[in-house]
Amino acid sequence: VGAARDLHQPGWSLRYRMTTREGRQRWVSETCTVVNDVDEAFIVGTLADVSDREKLEREARKVSAIVETVFHSESFAVAILDDHLRLVRTNDTFCLIIGHDQAAIHGVHADWLSAPGDPHSLSGLAEAALTGRVSSDGRAMLRLKLADGSLRELPAESRTNTDLSLGTMV
């Protein structure tokens, strides 16, 4: 507060950890504005307990780091499809295997990388995952149609996210 008033800042917003009288650690968000009256300046602000939000954000950062590590690994080919079976994100390894660059395949339907009627196609496995018709470990054989038209069979694992706030993805 003193620093804000000394620097003539119009306000500030920050998040920090504090210890309660009972000794518990809590995260708080403080937002303040300096209001200048004719004779004096005073501060109007809020202090909110955001401990639960901080915990969720910390967990989300951990999960995001894990996903990004797997996604950028050269050992795993990763393709993410939306609930309409369109490719929304792929990693470099997936693109290297199929012989297409990311710009060429993002937004295309999974059938584009599948032989018609193939039960081991990308679209077939994705539909099975979305409807819950997958093995308990999500593993199956996947057959992809490569850029040169040939087919390649690979072991695959499918996972779905049905969190409505994120949309459904395979």
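Reckoned from all heavy atoms, side chains included, excluding hydrogens, waters and symmetry mates.
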S.K.: Among L122, L142, L151, whose side chain to side chain contact (heavy atoms under 4.5 Å, CB included) with S114 holds?
M.R.: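 Single side chain to side chain contact (heavy atoms under 4.5 Å, CB included) partner of S114 among L122, L142, L151: L122.
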S.K.: If I take atom CE from residue M18 and atom CG from residue D49, how far apart are they, to the nearest 0.5 angstrom?
M.R.: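 Interatomic distance, M18 CE to D49 CG, rounded to 0.5 Å: 9.0 Å.
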S.K.: For H84 and H109, indicate whether the former's side chain and the latter's backbone hold a donor-acceptor pair under 3.5 Å.
M.R.: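 Pair absent, no side-chain N/O of H84 close to backbone of H109.
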S.K.: Checking one residue: W27. Which other hydrophobic residues are in its cluster under the side-chain 4.5 Å linking rule?
M.R.: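 V50, which link up through side-chain heavy atoms under 4.5 Å apart, make up the rest of the cluster.
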S.K.: First locate atom CG of D101, then atom CG of L96, and finally report the distance between them rounded to the nearest 0.5 Å.
M.R.: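 Answer rounded to 0.5 Å: 12.0 Å.
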S.K.: Within a strict 4.5 Å, meaning less than it, do heavy atoms of the T90 and H106 side chains meet?
M.R.: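 Side chain of T90 against side chain of H106, heavy atoms only: contact under 4.5 Å found.
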S.K.: Kindly give the heavy-atom pair with the smallest separation between G99 and A147, and that separation in Å.
M.R.: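 In this case the closest contact between G99 and A147 is O-CB, 3.3 Å.
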S.K.: Might you point out which heavy atoms bring L85 and L81 nearest each other, and give the distance in Å?
M.R.: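 Heavy-atom minimum between the residues: O-CD2, 3.6 Å.
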S.K.: Are side-chain heavy atoms of F94 and I105 found at a separation under 4.5 Å?
M.R.: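 Yes, side chains in contact.
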S.K.: Can you name the nearest heavy-atom pair linking L146 to H100, along with the distance?
M.R.: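 Shortest heavy-atom contact: C-NE2, 4.5 Å.
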S.K.: Check which hydrophobic residues are tied to M141 through side-chain heavy-atom contacts below 4.5 Å, counting indirect links as well, and list them.
M.R.: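 Once heavy-atom contacts under 4.5 Å are chained together, M141 still belongs with nothing else.
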S.K.: Can you name the residues that form a side-chain contact (heavy atoms from CB on, under 4.5 Å) with V67, not counting sequence neighbours?
M.R.: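 By the side-chain contact (heavy atoms from CB on, under 4.5 Å) rule, V67 matches V63.
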S.K.: Please check if the side chain of T131 supplies one atom and the backbone of E127 the other of a donor-acceptor pair under 3.5 Å.
M.R.: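 Here the side-chain-to-backbone pair exists.
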S.K.: Does a donor on one side chain and an acceptor on the other come within less than 3.5 Å for T19 and Q25?
M.R.: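 The criterion, which ignores hydrogens and geometry beyond distance, is satisfied for Q25 and T19.
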S.K.: With sequence neighbours left out, write down each residue that passes ring-ring contact (aromatic ring centres under 6.0 Å, His included) with H120, or none if nothing qualifies.
M.R.: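 Listed in chain order: nothing, the list is empty.
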S.K.: Might you point out which heavy atoms bring G124 and S121 nearest each other, and give the distance in Å?
M.R.: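 Scanning both residues, the minimum pair turns out to be N-OG, 2.9 Å.
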S.K.: Is I43 reachable from V28 through a run of I, L, V, M, F, W or Y residues, each pair having side-chain heavy atoms under 4.5 Å apart?
M.R.: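 Shared cluster, yes.
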S.K.: Under a plain distance cut-off of 3.5 Å, with no hydrogens placed, do R26 and S51 share a side-chain donor-acceptor pair?
M.R.: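 Present: a donor and an acceptor within the cut-off.
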S.K.: State whether E54 and R61 are salt-bridged, where the test is any N-O pair (Lys NZ or Arg NE/NH1/NH2 against Asp/Glu carboxylate O) under 4.0 Å.
M.R.: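 The answer is yes: the pair qualifies as a salt bridge.
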S.K.: Are the side chain of N91 and the backbone N or O of F76 linked by a donor-acceptor pair below 3.5 Å?
M.R.: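 Between the backbone of F76 and the side chain of N91 there is a qualifying donor-acceptor contact (under 3.5 Å).
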S.K.: Residues in side chain to side chain donor-acceptor pair (under 3.5 Å) with E68, at least two apart?
M.R.: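 Applying side chain to side chain donor-acceptor pair (under 3.5 Å) to E68 gives H72, R89.
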S.K.: Is I66 isolated, or which residues cluster with it under the ILVMFWY side-chain rule of less than 4.5 Å, directly or via members?
M.R.: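 Listed partners: none, I66 stands alone.
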S.K.: Any sub-3.5 Å donor-acceptor pair from S73's side-chain atoms to T69's backbone N or O?
M.R.: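 Not at all, since once roles are kept as given, no pair shorter than 3.5 Å links the two residues.
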S.K.: Testing the basics here: between C95 and Q102, what is the closest heavy-atom pair and its distance to 0.1 Å?
M.R.: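 Heavy atoms of C95 and Q102 come nearest at SG-CG, 3.2 Å.
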S.K.: With clusters defined by side-chain heavy atoms of hydrophobic residues (ILVMFWY) lying less than 4.5 Å apart, directly or transitively, does V108 cluster with L125?
M.R.: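 As far as the 4.5 Å side-chain criterion goes, V108 and L125 are connected within one cluster.
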S.K.: Would you say that more than 12 heavy atoms from the other residues, nucleotides or ligands in this model lie under 6.0 Å from the CG of N36, or not?
M.R.: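 Result for CG/N36: enclosed.
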S.K.: Over all heavy atoms of both residues, which pair between T31 and S13 is shortest? Give the atoms and the distance, please.
M.R.: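 Nearest heavy atoms, T31 then S13: OG1-OG, 3.2 Å.
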S.K.: Measuring from W112:CH2 to S123:OG, what's the distance to the nearest 0.5 Å?
M.R.: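 That separation rounds to 13.5 Å.
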S.K.: Answer yes when R53 and E57 have at least one side-chain N-carboxylate O distance shorter than 4.0 Å, and no when they do not.
M.R.: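 The answer is yes: the pair qualifies as a salt bridge.
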S.K.: Run the numbers on L113 and L87 for side-chain contact (heavy atoms from CB on, under 4.5 Å), then give the verdict.
M.R.: CA-CA 10 Å; L113 298 173; L87 289 153; 3.7 Å; yes
S.K.: Group every Ile, Leu, Val, Met, Phe, Trp and Tyr by side-chain heavy-atom contacts under 4.5 Å, then state whether V88 and F71 land in the same group.
M.R.: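 Cluster IDs for V88 and F71 match.
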S.K.: To the nearest 0.5 Å, tell me how far R143 CZ sits from D118 CG.
M.R.: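 With rounding to 0.5 Å, CZ (R143) is 4.0 Å from CG (D118).
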S.K.: Indicate yes or no for a side-chain donor-acceptor contact from D37 to the backbone of E40 under 3.5 Å, with no hydrogens or angles considered.
M.R.: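 Checking the backbone N and O of E40 against the side chain of D37, no donor-acceptor pair under 3.5 Å is found.
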